[in-house]
Number of protein chains: 2
Amino acid sequence: MDERGKPSEVRISDLASELGLTKGTVSRALNGYEDISKKTRKRVTEVARILGYVPTTQARRLAMGLTETIGLVLPPVPSQPVNTFVSEFIDSISTALNIHGYDLLVHSVNSEKSEVDQYQRLVHSRKVDGFIILRTLEADTRVDYLLKEGFPFVTHGRTARMAEHDWFDIDGEKAFRDATSHLVKLGHQRIGFVGGGNEFFSAQLRLKGYRNMMEETYDNKISGLEQPGDLTGLGGETAARNLLKQNPCPTAILCANDATALGVIKAARELGFRIPQQLSVIGYDGIALGGYLDPPLTTLTFSIEASGREIVAMLLRRLKEPGLPIISKLASATLKLRGSEGPPT
Amino acid sequence: MDERGKPSEVRISDLASELGLTKGTVSRALNGYEDISKKTRKRVTEVARILGYVPTTQARRLAMGLTETIGLVLPPVPSQPVNTFVSEFIDSISTALNIHGYDLLVHSVNSEKSEVDQYQRLVHSRKVDGFIILRTLEADTRVDYLLKEGFPFVTHGRTARMAEHDWFDIDGEKAFRDATSHLVKLGHQRIGFVGGGNEFFSAQLRLKGYRNMMEETYDNKISGLEQPGDLTGLGGETAARNLLKQNPCPTAILCANDATALGVIKAARELGFRIPQQLSVIGYDGIALGGYLDPPLTTLTFSIEASGREIVAMLLRRLKEPGLPIISKLASATLKLRGSEGPPT
DNA sequence: AAAATAAACGAAACCGGTTTCGGTATTTTA
DNA sequence: TAAAATACCGAAACCGGTTTCGTTTATTTT
């Protein structure tokens with residue numbers, strides 16, 4: 001214990017000389033090597049505890065040739081901070097990583113450099129052992145780059161090259177089939193859809209789920225109700241105006257995410273629609289705030305915490321056994337009925 | 001350029017032998033030492049570029065005795081993910097740090113270990129050069145610990161010991177004076193207040209701002225309208241029920257944050273109050289989602305991005321010049337009128 | 001009791017950089 | 001032109017650990 005301000009400056013050499021051993025021996029004693037006598041090991045760990053010795057991370061990592069650090073590069077999201085996904089996700093993966101002795105390094109994409117540049121820097125400077133990739137695109141340059149380098153990573157979301165890399169995803173296709181089916185059962189026929197950017201693979205799958213269910217149910221007789229979106233509230237507003245000026249207009253609208261749904265609801269209200277009486281709205285994401293709306297937003301939801309834990313587990317497995325065949329996992333979202341949908345009038 | 005999968009494995013020694021120099025010379029050439037001829041320096045940088053040499057971070061940091069990393073330990077927030085503050089804040093500070101060559105290390109508090117333990121581990125294992133502390137309490141054990149260790153950090157929010165450490169804060173007292181004053185000018189007399197947990201210093205200051213303005217305006221004739229809260233929607237609901245069952249009941253309610261405001265609005269609606277006609281509500285945080293409510297939530301807001309940038313600047317200054325006197329900065333929030341308040345009826 | 005084996009630790013190389021110090025070769029000064 | 005100063009680079013120590021290899025001592029084996 002040091003009385004002074006500075007944190008303990010005990011190095012392994014200090015420990016060694018204190019014990020009358022060499023630092024190599026101390027290191028092996030502390031790391032459970034078998035060629036250390038029980039008595040010595042006990043003595044070493046005891047003195048280490050008393051002196052408050054903690055190995056310097058940088059030195060250990062240099063010697064062992066690993067970083068025990070996982071990188072997360074935040075995708076540049078121009079003003080779409082409606083979603084708490086990122087913070088919850090960071091929380092869950094850092095928790096999971098910490099448990100296994102790994103650290104989480106968070107980087108941002110500052111305007112000057114491209115996104116792939118960030119990955120490149122992190123790889124070459126050996127700051128991380130692997131990556132977690134968020135918001136995958138169908139053609140994803142980050143994935144392309146890391147595959148080319150042979151650098152470990154797991155994506156949250158699928159890509160066009162999903163057969164070549166580990167991934168975790170929510171089954172958005174099934175989720176939107178379910179949601180559409182739910183609306184159909186309530187009696188809706190003209191069900192609108194507001195998508196996300198089509199560059200996102202997930203957006204395509206959600207659209208697919210919706211479209212397939214509509215085609216199967218109404219045998220291609222009801223169409224023209226798909227609108228592009230951009231996963232923001234503003235995008236939802238414009239899409240809703242386009243849909244609601246049609247005649248006959250939709251009695252329900254399915255949205256690619258909750259932010260979009262909020263925009264749709266806002267625009268619909270301004271046009272005089274009452275929800276859910278005159279228009280049912282369903283979102284996707286399960287943001288907590290949806291429960292405080294009036295009416296509370298019905299949405300498709302999944303556990304961010306579980307997703308993060310799963311992804312971390314996959315990545316750590318990959319790091320441990322690089323030769324493993326591709327790992328992937330498809331989890332499912334559940335429809336959380338809260339009140340923004342009902343039978344059509 | 002390597003054709004194979006592996007990332008470039010060029011070490012400084014490879015560069016040196018390729019150039020016919022020693023690694024010491026190469027290092028100095030690359031780091032701008034004055035005892036290297038212009039010609040040699042040019043040759044070194046050129047070959048380094050061609051071979052794609054990037055110094056291994058771990059080695060550099062070990063040799064230089066620094067980590068170039070800042071730690072952020074996420075405070076354990078039991079189910080309060082209504083706020084996007086954390087993700088936006090992380091985004092802004094990592095951007096600011098990256099620009100200066102620093103990394104951001106994010107840790108979580110896994111149940112087993114206490115929060116201070118996390119800081120202790122990070123300090124002793126020398127993983128970070130400094131910390132950014134979020135959600136300060138009046139008596140903050142994290143601050144106590146780091147002050148004791150003499151370890152650099154900047155807080156977002158003040159503490160009881162703010163005279164002893166660097167801090168950045170939003171002037172919540174003034175903000176709530178302003179908001180109260182705004183409601184007074186609209187004609188409100190019975191203005192309610194729902195606080196945050198009183199262990200947070202910020203919550204106390206917000207309450208103080210509200211209370212002082214009320215006392216000054218109504219000369220202590222109007223009181224009993226303060227309710228405790230917990231910064232969550234649920235807390236807002238119960239507080240609102242307590243306030244609204246009074247007779248006469250408040251015509252406006254000021255909330256310690258937006259999540260609370262959402263809860264207040266929900267409860268008020270359920271009790272039959274129309275907003276803002278029968279009850280004005282004002283929040284604090286400026287969450288983007290508030291703009292999509294009906295009516296849009298009037299709130300006190302400030303730039304998270306600017307806060308993050310400022311805090312990073314303060315911390316880096318501190319690291320560069322440890323002897324500097326305490327640095328602090330008080331920024332102000334602005335009242336964003338959106339529609340959830342109006343004159344009383 | 002001598003030889004073989006096992007147990008326990010010391011010595012030294014290594015990870016990949018940075019930095020100090022000292023020694024030539026070259027230029028400047030006297 | 002000899003001496004002093006300067007420019008430029010090599011050699012080696014160092015950061016704080018880990019790991020391999022070899023040596024000594026203690027224990028078995030024959």
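In what follows, chains carry the letters A, B, and so on, assigned in the order in which the sequence lines appear, proteins first and then strands, with residues in each chain numbered from 1. What's counted below: heavy atoms across the whole structure, side chains too, no hydrogens, waters or symmetry copies. These numbers come from a predicted model, not from an experiment.
- Spacing between atom CD of Gln58(B) and atom P of dG16(C) amounts to 11 Å, rounded to whole angstrom units.
- Using modelled atom types and a 3.5 Å distance limit, the side chains of Arg28(B) and Thr25(B) yield a donor-acceptor pair.
- Take the nearest nucleotide of DNA chain D for Asp35(A) and for Val26(A): the residue whose nucleotide is more 5' is Val26(A).
- In this entry the distance linking CE of Met64(A) with C1' of dG16(C) reads 16 Å, nearest Å.
- A 4.5 Å side-chain heavy-atom check between Ile133(B) and Trp167(B) finds every atom pair outside the cut-off.
- One atom, CZ of Arg61(A), and another, P of dT19(D), lie 15 Å apart when rounded to the nearest Å.
- Using bins of under 30°, 30° to 60° and over 60° for the plane-to-plane angle, the ring pair Phe168(B)/His156(B) lands in the tilted bin.
- Phosphate contact (OP1/OP2 of dT18(D), side-chain N/O of Ser27(A), threshold under 4.0 Å): present.
- In this entry the distance linking CZ of Arg60(B) with P of dC15(D) reads 18 Å, nearest Å.
- Evaluation of atom-type donor-acceptor distances gives no pair under 3.5 Å for the side chain of Arg126(A) against the base of dG17(C).
- Using a 4.0 Å heavy-atom cutoff across all strands shown, Gly65(B) reaches no nucleic acid atom at all.
- The main-chain N or O of Ile70(A) is never found under 3.5 Å from a side-chain atom of Asp129(A) such that the two would form a donor-acceptor pair.
- At the phosphate of dG16(C), neither OP1 nor OP2 sits under 4.0 Å from any side-chain N or O atom of Ser13(B).
- The side chain of Ile12(A) lies closest to dG17(D), out of dG10(C), dG17(D), dT18(C).
- The distance between atom CG of Leu30(B) and atom C1' of dC9(D), rounded to the nearest whole Å, is 15 Å.
- For Tyr33(B) and dC8(D), the shortest distance from a side-chain N or O to OP1 or OP2 is not below 4.0 Å.
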side-chain hydrogen bond (donor to acceptor under 3.5 Å, both in side chains), that's the test. Do Ser108(A) and Asp91(B) meet it? Break it down for me. CA-CA 6 Å; Ser108(A) 290; Asp91(B) 197 10; 3.0 Å; yes
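- The CD-C1' distance, from Glu9(B) to dC15(C), rounds to 13 Å in whole Å.
- When distances are taken from the side chain of Arg11(B) to each of dC9(C), dC15(C), dT18(C), the shortest belongs to dC15(C).
- Lys39(B) has its NZ atom 12 Å from the C1' atom of dC9(D), to the nearest Å.
- Residue Lys23(A) contributes atom NZ, which lies 16 Å from atom P of dT20(D) at whole-angstrom precision.
- Look at Thr25(B) and you'll find a side-chain N or O under 4.0 angstrom from OP1 or OP2 of dG10(D).
- Distance from the side chain of Leu62(A) is smallest for dG16(C) among the nucleotides dG16(C), dT18(D), dA8(C).
- Side-chain nitrogen and oxygen atoms of Thr40(B) include at least one within less than 4.0 Å of the OP1 or OP2 phosphate oxygen of dC9(D).
- With dT18(D), dT18(C), dC9(D) as the candidates, the nucleotide lying closest to the side chain of Ser37(B) is dC9(D).
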